[in-house]
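Working notes, beginning with the structure itself.
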Amino acid sequence: MSDVLLRLRTYDNRHHAGRPIHQWLLEQGRELGFSGGLAFRAMAGFGRDGRMHEQRFFELAGEEPVVVELIGDAAQVERILRRIDDAGLALPWWQVPVEHGVGLPA
């Protein structure tokens, strides 16, 4: 099956609507009918400002990068990006075409 992989980045200490942003994004994806979604912590990362965010014992507690991946069609991606914008969230995102399935391709 051909679809789009949408990858978004946030940080584990960022919240929207009373819950972590990654949780809100997954809920939006499920509501919009995406095929699947994941949220996972990255070991380290940096953004446009060049500032490093990485897992350390106490120094940056709560500032570890969190990546959210959603698989859906182009219309679903457009709808969730609009919801993110309407919510006032400025999140970096990437979108790439993907083939996906379970087991060997037919």
Side-chain angles (χ1 to χ4, degrees):
M1 176 180 276
S2 293
D3 265 320
V4 176
L5 170 68
L6 177 65
R7 178 178 281 179
L8 302 118
R9 190 188 73 222
T10 184
Y11 296 96
D12 66 350
N13 65 346
R14 309 253 168 95
H15 290 75
H16 176 71
R19 57 194 172 279
I21 289 176
H22 70 272
Q23 207 174 61
W24 181 83
L25 289 168
L26 290 173
E27 289 169 4
Q28 299 304 306
R30 184 174 39 192
E31 188 177 298
L32 288 169
F34 277 78
S35 299
L38 297 170
F40 52 93
R41 292 179 200 267
M43 292 175 52
F46 68 92
R48 285 181 285 181
D49 63 2
R51 187 169 157 233
M52 288 295 292
H53 297 267
E54 51 191 318
Q55 294 178 350
R56 298 217 175 147
F57 191 60
F58 285 115
E59 282 179 24
L60 294 175
E63 287 199 24
E64 291 89 13
V66 176
V67 175
V68 176
E69 293 185 341
L70 298 164
I71 294 179
D73 63 35
Q76 289 168 317
V77 169
E78 185 177 328
R79 284 194 295 273
I80 198 165
L81 289 175
R82 187 164 312 284
R83 283 189 184 188
I84 291 166
D85 187 59
D86 290 346
L89 300 172
L91 302 175
W93 59 269
W94 303 262
Q95 160 180 314
V96 293
V98 295
E99 296 287 327
H100 63 95
V102 176
L104 293 174

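Residues take their numbers from the sequence shown, with the count starting at 1.
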Quiz prompt | Rounded distance (nearest 0.5 Å) linking atom CG of Asp3 with atom CD of Gln76 | solution = 7.0 Å
Quiz prompt | Trp94 and Arg9, any side-chain heavy atoms less than 4.5 Å apart | solution = yes
Exercise. State yes or no: do Leu5 and Trp93 share one hydrophobic cluster built from I, L, V, M, F, W and Y residues joined by side-chain heavy-atom distances below 4.5 Å, directly or via other members?
Key: no
Quiz item: Roughly how far, to the nearest 0.5 Å, is the CH2 atom of Trp24 from the OG1 atom of Thr10?
Solution: 11.0 Å
Quiz item: Do Leu6 and Leu89 share a hydrophobic cluster, counting only Ile, Leu, Val, Met, Phe, Trp and Tyr and linking them when any side-chain heavy atoms are less than 4.5 Å apart?
Solution: yes
Quiz item: Same cluster or not: are Val66 and Leu26 linked, directly or through other Ile, Leu, Val, Met, Phe, Trp or Tyr residues, by side-chain heavy atoms under 4.5 angstrom apart?
Solution: no
Quiz item: With the 4.5 Å side-chain cut-off for hydrophobic clustering, are Leu70 and Leu32 part of the same group?
Solution: yes
Quiz prompt | Same cluster (ILVMFWY, side-chain, under 4.5 Å), Ile71 and Ile84 | solution = no
Exercise. Output every pair passing salt bridge (Lys or Arg N to Asp or Glu O under 4.0 Å) with a member in residues 68-81, not counting sequence neighbours, ordered by first then second residue.
Key: Arg7-Glu69, Glu78-Arg82
Exercise. State the NE2-CD distance between His16 and Gln28, to the nearest 0.5 angstrom.
Key: 7.5 Å
Quiz item: CG of Asp86 to CD1 of Ile80: how many Å apart, nearest 0.5 Å?
Solution: 12.0 Å
Quiz item: Hey, does the side chain of Gln95 reach the backbone of Val4 with a donor-acceptor pair shorter than 3.5 angstrom?
Solution: no
